[in-house]
Amino acid sequence: MPLELGRGNIASENGDYSDILITHKNTEEFYRQQGLKRVLTTKYLWALGVGTVMANSFFGWNYGEAVVNRMSFLLALIIITVFYFTFMLTFAEMATTFPYAGGPYAFARRAFGKTFGYLTGVTTVLQYVFAAAVVAYSLGQYIHFLVPKMPALVISVLALLVLTVIQIIGIREASLIQFIITGCAVSGFILFYMGTYHAANINFSLPQVNNADVTGIFMSIPFALWFYIGSEGIAMTAEETKEPDKSIPVGFLTTTLTMIFVAAGAWFFSTYASMSQEYPILGSYPLFSVLSNVQQNDKILLTVFAILGMIAFLASLQAIINASSRQVFALSRAGYLPHFLSKIHYRRRTPYLATVLPGLLAIICMLMIKAKFLITMAGLAANIMYLIILVAFFKIRLDQPDLPQTYTVPLYPFTPTIALVISLVGLISFTLFYYQAIIAMVFIYGMGVVLFLCLIRNNILDDAPEEFSAESALFQQKVTIDKVKGNHR
């Protein structure tokens, strides 16, 4: 018999009982009305996770090498790589235990209540909006760089609009396209490695005179983050995944290993193949610049790589739109954002309005804010979200040690502890060297808290799946405490 939590039986956050009605029946009806299609398999999760970061290895990270030496940046990249490996293994446990479209919002809500859940969801949306703005802008600049007659801004806006429409058409169709273009993008990186291997191998064997310093490592962290940022978005597809308890852990692992292959190769081959040039690697598109210098006579190779590079930008942009739309959808479905944003297309079963909003916000950011600052803001938002999720992970583990799980993070508690320590180091880096981003984020949080207290907190729907899960946990904890007190009496 399904657990039914009736009026007056749900524990509130302050320990009292709140006068609300939540039942499994309500939640099942909620899923029928505002649920998403389960069509994704492991290969599509891989395509979404890897696709998110395809463009990031093409540009942006070299802004960090413009202010520090090569060895400092390399050490920062190693630290961030270790972080993502440990974090993704930990995040996979959360995503399989709580397989909701809310993803980060759902996890923080479960551990810390509505306010933190809301702020974590907003932080996640901001991360993807900032990243989408950077990728769209850079895509336009990249195509304009290749074909000067094509206006960069028009290309950027058009790409966002077209990919948004593809997402609305259907998750099955969008995922198939994503799988194809992600595969093409990965092949582009392999082509780059092959084209620069000889030059990189020669330079790698030469004596190096690069000394790392602590300041340089800290300053490099936001740009090392850029290699991987957003890949955790596959957690937001849990409601659209077939057999999420099996598919999600495999999706996270294969995504992480592929990302490391791409990021490490992009840095190594572009850095060492360019040592004979002016260093650091300047320009908006370091990979294309390096390959053009090494293989300047091979026009066919350069043309193919240019096309695959364009596809990499499209893969990232589409995956980012997918992740941001699901977070907006989940927040709206629960009442943290206007309810109309969670409307589902009657035939396609896609959250079409939740898909449009992040795209419009990305266009506004792209027009108003410089790309380098957007990269910093995206990194800061991601770092804050990672930190909250990791603390939430430990809290849930401690509060509910008997929670049923189909997948558990390996080497607990060491794996999540490593991720937590590095995320704290990352936050210190932003605080010390990128305080403008900290100030901007504090201002955004201040506005968010005011909106929550004045307009949002009384409109939350307790039968939304993420809310039901959190309130059920509070109820069970209250029951357990009451039993313990009764036994002592």
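- What you find for Leu390 and Ser423 is that their closest heavy atoms are CD1-OG, 3.9 Å.
- By the 4.5 Å heavy-atom criterion applied to side chains, Ser247 and Leu45 are counted as neighbours.
- In this view, Ala235 and Phe91, Ala95, Phe252 satisfy the side-chain contact (heavy atoms from CB on, under 4.5 Å) rule, not counting sequence neighbours.
- Rounding to the nearest 0.5 Å places CG of Asn322 at 7.5 Å from CG of Leu40.
- The shortest heavy-atom contact between Gly51 and Ala319 is C-CB, 4.1 Å.
- Between Arg110 and Gln400 there is a side-chain heavy-atom pair separated by less than 4.5 Å.
- Within the 3.5 Å criterion, the main-chain N or O of Ala55 finds a donor-acceptor partner in the side chain of Ser316.
- Checking Tyr336 against Glu467 by side-chain atom types alone, a donor-acceptor pair falls below 3.5 Å.
- Listed by first and then second residue, the side chain to side chain donor-acceptor pair (under 3.5 Å) pairs that reach into residues 411-420 come to none, sequence neighbours excluded.
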**Test log, rule side chain to side chain contact (heavy atoms under 4.5 Å, CB included), inputs Cys365 and Leu374** = CA-CA 8 Å; Cys365 290; Leu374 284 172; 4.2 Å; yes
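- For Tyr137, the OH atom sits in a loose shell: 12 or fewer heavy atoms of surrounding residues, nucleotides or ligands are nearer than 6.0 Å.
- Residue pairs meeting the side chain to side chain donor-acceptor pair (under 3.5 Å) criterion with at least one member in residues 251-262, sequence neighbours excluded: Trp46-Thr258.
- Here ring-ring contact (aromatic ring centres under 6.0 Å, His included) pairs that include residues 440-467, with residues two or more places apart or in two chains, are Tyr118-Phe452.
- A heavy-atom distance below 4.5 Å is found between the side chains of Trp226 and Ile229.
- Met368 CE to Ile363 CD1: the interatomic distance, rounded to the nearest 0.5 Å, is 13.5 Å.
- Looking at Glu466 and Arg333, a side-chain N of the basic residue comes within less than 4.0 Å of a carboxylate O on the acidic one, giving a salt bridge.
- Ring to ring, Trp61 and Phe227 are close: their centroids are under 6.0 angstrom apart.
- Put simply, the side chain of Phe313 does not reach to within 4.5 Å of the side chain of Met54, judged on heavy atoms.
- The two residues Ala437 and Leu380 have their closest heavy-atom pair at O-CD2, 3.3 Å.
- Rounding to the nearest 0.5 Å places OG1 of Thr123 at 11.0 Å from CG of Leu387.
- Taking all atoms of both residues into account, the shortest heavy-atom contact from Thr86 to Ala419 is OG1-CB, 3.3 Å.
- Looking only at side-chain heavy atoms (C-beta outward), Lys114 and Arg457 stay at 4.5 Å or farther from each other.
- Summarising the local packing, CZ of Phe85 is surrounded by 12 or fewer heavy atoms from other residues, nucleotides or ligands at distances under 6.0 Å.
- With rounding to the nearest 0.5 angstrom, the CE atom of Met366 is 10.0 Å from the OG atom of Ser138.
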**Request:** Determine, stepwise, if the pair Tyr386 / Tyr84 fulfils side-chain hydrogen bond (donor to acceptor under 3.5 Å, both in side chains).
**Result:** CA-CA 10 Å; Tyr386 298 152; Tyr84 268 93; 2.5 Å; yes
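- Taking each heavy atom of Pro104 and Thr120 in turn, the nearest pair found is O-CG2, 3.6 Å.
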Name the atoms and distances for all side-chain donor-acceptor pairs under 3.5 Å in residues 354-361, with sequence neighbours left out.
residue: Thr355; atom: OG1; partner: Pro351; partner atom: O; Å: 2.8

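- Side-chain contact between Glu173 and Ile166: absent, with no pair of heavy atoms (C-beta onward) separated by less than 4.5 Å.
- In this structure, the separation between CD1 on Ile248 and OG1 on Thr237 is 6.0 Å, given to the nearest 0.5 Å.
- Here the side chains of Val134 and Lys372 are not in contact, with every heavy-atom distance at 4.5 Å or above.
- Taken from CE in Met236 to OG1 in Thr124, the straight-line distance is 6.0 Å, to the nearest 0.5 Å.
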**Item:** side chain to side chain contact (heavy atoms under 4.5 Å, CB included) between Ile344 and Tyr352, worked out
**Value:** CA-CA 7 Å; Ile344 300 292; Tyr352 59 101; over 6 Å; no
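- In this structure, a donor-acceptor pair under 3.5 Å is absent between the side chains of Gln178 and Gln167.
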**Request:** Carefully, step by step, assess Tyr142 and Phe58 under the rule side chain to side chain contact (heavy atoms under 4.5 Å, CB included).
**Result:** CA-CA 10 Å; Tyr142 181 72; Phe58 254 87; 4.3 Å; yes
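- Tyr228 has its side chain within reach of Leu77: a pair of non-hydrogen atoms, C-beta onward, lies under 4.5 Å apart.
- Scanning all heavy atoms of the two residues, the minimum distance from Thr96 to Pro244 falls at CG2-O, 3.7 Å.
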**Request:** Assess whether side chain to side chain contact (heavy atoms under 4.5 Å, CB included) is satisfied between Met441 and Gln436, documenting all intermediate values.
**Result:** CA-CA 9 Å; Met441 194 61 73; Gln436 299 95 333; over 6 Å; no
**Message:** I'd like to know whether Gln327 forms a side-chain hydrogen bond (donor to acceptor under 3.5 Å, both in side chains) with Gln127, so could you lay out the CA-CA distance, the side-chain angles of the two residues, the decisive distance to 0.1 Å, and finally the verdict.
**Reply:** CA-CA 11 Å; Gln327 188 72 165; Gln127 169 197 338; over 6 Å; no
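- Lys43 meets the salt bridge (charged side-chain N to carboxylate O under 4.0 Å, His left out) test with no other residue; sequence neighbours excluded.
- Checked by atom type and distance alone, the side chain of Glu239 pairs as donor or acceptor with a backbone atom of Ala101 at under 3.5 Å.
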